[in-house]
Chemist: 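Pasting in a structure now, in structure tokens, and then I'll have a few things to ask.
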Amino acid sequence: SHSLAFGLDISRFYNNNLSENVGQFVYTNLTNFLNDQAASFRATQGNGDNRVLMPGWGVFVQDNYRWKPNVTLSFGLRYDWNGTPSEAHNKFSVLDPTTGTMVALGTNGVTQVFRTNNKNFRPRIGIAWDPSGDGKTAARPGYAFLTQQPTTNIGTSSNPPFAIPLSSSSATNSITLENPPANASTTSPRIVDPNLHNGYAQDWNLTIQRELTSTLGLQVAYVGSKGTHMQQALNITQPGLSAGLYLPKSAAPYSNFGALFEVANNGNSNYNGLWVTLTKQATHGFEFQTTYMYSKSLDYSSLDFPNALPQNSYDLHNEYGLSDFNAKNRFVFSGFYTLPFRGNRLVQGWQISLVTQAQSGNPLTAYMSGVAGLFPGATIRPNVSGPIQTESVAAANTYGVQWIANPAVLSSPCTGSGSTLACSPGTEGRNAIIGPSFIDTDLSLIKDTKITERVSTEFRAEAFDLFN
């Protein structure tokens with residue numbers, strides 16, 4: 001038998017943002033602050049407030065077909081039309097590549113921040129199979145093609161001509177609150193690839209469920225995913241390379257800007273994981289669920305801006321590494337126990353809740369400092385001469401701990417300084433360092449007391465991160 005479902009989804013995505021800048025004065029010491037003698041001042045003329053709207057609609061159809069008593073097939077197809085964003089006061093600006101300047105939307109024939117996405121067809125299929133026919137075992141393979149939700153937080157209303165950065169500095173600390181000099185400073189706009197389109201992911205999984213006893217169930221699942229055309233931040237003011245070295249800043253495109261950060265669709269990702277879950281339903285006042293995950297996630301960027309910027313925007317394959325959120329091993333236990341006390345209202349109604357999480361460390365990346373003068377927005381990793389060893393040891397001459405046990409394997413890919421600074425992209429891979437592991441235990445003691453048939457009180461005592 002068939003069970004057919006279909007529908008229409010009409011959406012309007014809103015994103016309202018406030019980004020007014022009231023200015024900032026910097027004083028070198030307390031005395032200068034009390035005497036109103038600032039070393040620098042910066043502010044933004046205008047503001048980047050915006051009210052973004054993006055329309056969209058979708059249609060879908062799904063058929064659940066019971067092929068056999070123990071086999072059900074599911075087929076589905078969805079189509080989505082995602083428009084281009086608009087701003088309530090037309091406060092979007094885009095890069096005009098012919099003049100190398102930022103212009104308001106609607107200027108020079110540019111009518112869209114990026115193109116309309118109208119080719120989003122998303123099929124999916126799933127199977128539910130009971131191999132034993134006794135209702136105690138289920139196998140569920142599935143595949144789905146998913147499209148990224150529309151992008152609205154593009155931030156171009158904070159660009160010129162709507163917001164102009166101003167700044168000034170004084171070596172003699174002569175800037176005052178009453179009348180700070182304000183000169184136009186170099187700006188670093190954020191722009192969007194005019195051909196930006198929705199990224200997509202292909203998800204697949206195989207789940208095996210088994211009833212071990214009447215109150216205990218086991219689930220084992222393999223989960224996989226591949227992302228294509230994912231969003232990636234690029235620095236398009238980066239100069240190219242010659243003989244393995246970055247070209248000088250004078251060779252950078254769009255030299256009238258500090259940096260130009262572009263959101264494009266150059267990224268890819270993939271994920272593979274094994275999930276094991278054991279669930280016990282409540283009996284004798286005790287219930288729990290515990291899950292173990294063994295997984296690996298890789299991508300070009302996890303969009304942790306500005307660390308999402310590649311060290312070479314012309315070689316994104318060199319950015320392929322562990323995702324920022326990757327955790328190789330993860331274990332979670334949550335349990336709830338009602339204490340077997342019986343008697344009056346003070347004795348009964350006591351419960352204990354326990355939640356424990358333990359996981360491997362998330363990956364980290366070391367970056368070079370002191371390379372800002374190389375080119376606008378420079379993000380460079382060091383060279384690595386051997387395996388990076390990590391352990392928690394006391395840091396020399398500082399409080400806290402030092403995580404990299406052999407920092408000597410990290411070295412600078414740069415020579416010279418100032419006007420003679422020359423660098424090559426570092427050999428350290430993105431997210432090549434694994435951070436410290438994480439363990440957290442939360443404990444709750446709960447007392448429910450019934451006052452009347454319809455009124456009760458609850459007392460809770462909670463301890464978070466109990467063993468830290």
Side-chain angles (χ1 to χ4, degrees), residues 188 190 199 227 230-239 241 244-246 259-264 266-273 295-330 359-393 395-396 398 400-415 421-438:
S188 299
R190 294 184 65 181
M230 309 304 288
Q231 289 188 8
Q232 168 83 48
L234 303 177
N235 183 0
I236 65 173
T237 48
Q238 176 208 312
L241 275 70
L245 296 174
Y246 292 102
L260 272 175
F261 303 127
E262 181 182 66
V263 177
N266 302 78
N268 292 293
S269 67
N270 74 73
Y271 171 89
N272 291 278
S295 62
K296 186 175 185 179
S297 180
L298 299 159
D299 57 25
Y300 288 174
S301 167
S302 302
L303 275 183
D304 178 20
F305 188 86
N307 293 336
L309 288 174
Q311 67 171 350
N312 183 1
S313 291
Y314 305 108
D315 182 17
L316 293 183
H317 292 290
N318 192 39
E319 301 299 307
Y320 192 64
L322 294 173
S323 302
D324 294 354
F325 51 83
N326 181 77
K328 183 177 181 180
N329 297 281
R330 178 171 172 80
Q359 70 172 48
S360 305
N362 298 121
L364 307 170
T365 304
Y367 290 97
M368 294 296 302
S369 61
V371 297
L374 187 64
F375 59 85
T379 303
I380 302 175
R381 301 190 289 267
N383 285 332
V384 179
S385 59
I388 300 175
Q389 300 173 6
T390 57
E391 61 177 311
S392 181
V393 297
T398 63
V401 297
Q402 174 178 304
W403 182 243
I404 299 178
N406 57 338
V409 301
L410 302 175
S411 61
S412 173
C414 302
T415 59
L421 181 65
C423 301
S424 62
T427 59
E428 180 207 11
R430 172 178 159 266
N431 283 342
I433 305 170
I434 302 300
S437 58
F438 169 83

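Computed from a prediction, not measured in an experiment: that's the story for all the values here. One-based numbering along the sequence shown.
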Chemist: Hey, does Tyr300 have a side-chain heavy atom less than 4.5 Å from the side chain of Asn266?
Modeler: no
Chemist: Roughly how far apart are Leu364 CG and Ile388 CD1, rounded to 0.5 Å?
Modeler: 10.0 Å
Chemist: Ignoring hydrogens and angles, tell me if any N or O in the side chain of Glu262 forms a donor-acceptor pair with the backbone of Ile236 under 3.5 Å.
Modeler: no
Chemist: Counting only N and O atoms by type, is there a donor-acceptor contact under 3.5 Å from the side chain of Asn406 to the main-chain atoms of Ala408?
Modeler: no
Chemist: Decide whether Ser323 and Asp299 meet the rule of one side-chain donor and one side-chain acceptor closer than 3.5 Å.
Modeler: yes
Chemist: How long is the gap from CG on Asn312 to CG on Leu241, to the nearest 0.5 Å?
Modeler: 5.0 Å
Chemist: Let me see the working for Leu410 and Val384 under side-chain contact (heavy atoms from CB on, under 4.5 Å), right down to the final yes or no.
Modeler: CA-CA 5 Å; Leu410 302 175; Val384 179; 3.7 Å; yes
Chemist: Can you check whether Tyr271's main-chain N or O pairs, donor with acceptor, with Ser297's side chain at less than 3.5 Å?
Modeler: no
Chemist: Between Ser301 and Glu319, does a side-chain contact (heavy atoms from CB on, under 4.5 Å) hold up when you go through it step by step?
Modeler: CA-CA 7 Å; Ser301 167; Glu319 301 299 307; over 6 Å; no
Chemist: Apply side chain to side chain donor-acceptor pair (under 3.5 Å) to residues Asn431 and Asp324 and explain how you reach the verdict.
Modeler: CA-CA 7 Å; Asn431 283 342; Asp324 294 354; 2.8 Å; yes
Chemist: With heavy-atom distances below 4.5 Å as the criterion, would you say the side chains of Tyr367 and Glu428 are in contact?
Modeler: no
Chemist: Examine distances only and state if a side-chain atom of Asn362 and a backbone atom of Asn326 form a donor-acceptor pair shorter than 3.5 Å.
Modeler: yes
Chemist: What's the spacing between Tyr320 OH and Ser269 OG if we round to 0.5 Å?
Modeler: 8.0 Å
Chemist: Just wondering, do Leu322 and Ile434 contact through their side chains at under 4.5 Å, heavy atoms?
Modeler: yes
Chemist: Could you check whether any side-chain heavy atom of Arg381 comes within less than 4.5 Å of a side-chain heavy atom of Asn318, counting everything from C-beta outward?
Modeler: yes
Chemist: Within the structure provided, determine whether Val409 and Ile404 are in side-chain contact (heavy-atom separation under 4.5 Å).
Modeler: no
Chemist: What distance separates Phe325 CZ from Ser302 OG, expressed to the nearest 0.5 Å?
Modeler: 5.0 Å
Chemist: Taking Asn383 for the side chain and Thr427 for the main chain, is one N or O donor matched with an acceptor at less than 3.5 Å?
Modeler: yes
Chemist: So Arg430 and Pro310, do their side chains get closer than 4.5 Å, heavy atoms only?
Modeler: no
Chemist: For the atom pair CZ (Arg190) and CG (Leu260), what is the distance rounded to the nearest 0.5 Å?
Modeler: 12.0 Å
Chemist: Could you grab the distance from atom CE of Met368 to atom CD1 of Ile380, nearest 0.5 Å is fine?
Modeler: 7.5 Å
Chemist: Compare every heavy atom of Ser295 with every heavy atom of Gly273, then report the nearest pair and how far apart it is.
Modeler: CA-CB, 3.7 Å
Chemist: Identify the heavy atoms of Lys328 and Ser360 that sit nearest to each other, and give their distance.
Modeler: N-CB, 3.9 Å
Chemist: Please report the shortest heavy-atom distance between Pro239 and Tyr246, naming the atom on each side.
Modeler: O-CD2, 4.4 Å
Chemist: Of all heavy-atom pairs between Gly244 and Ser424, which one has the smallest distance, and what is that distance?
Modeler: O-CB, 3.0 Å
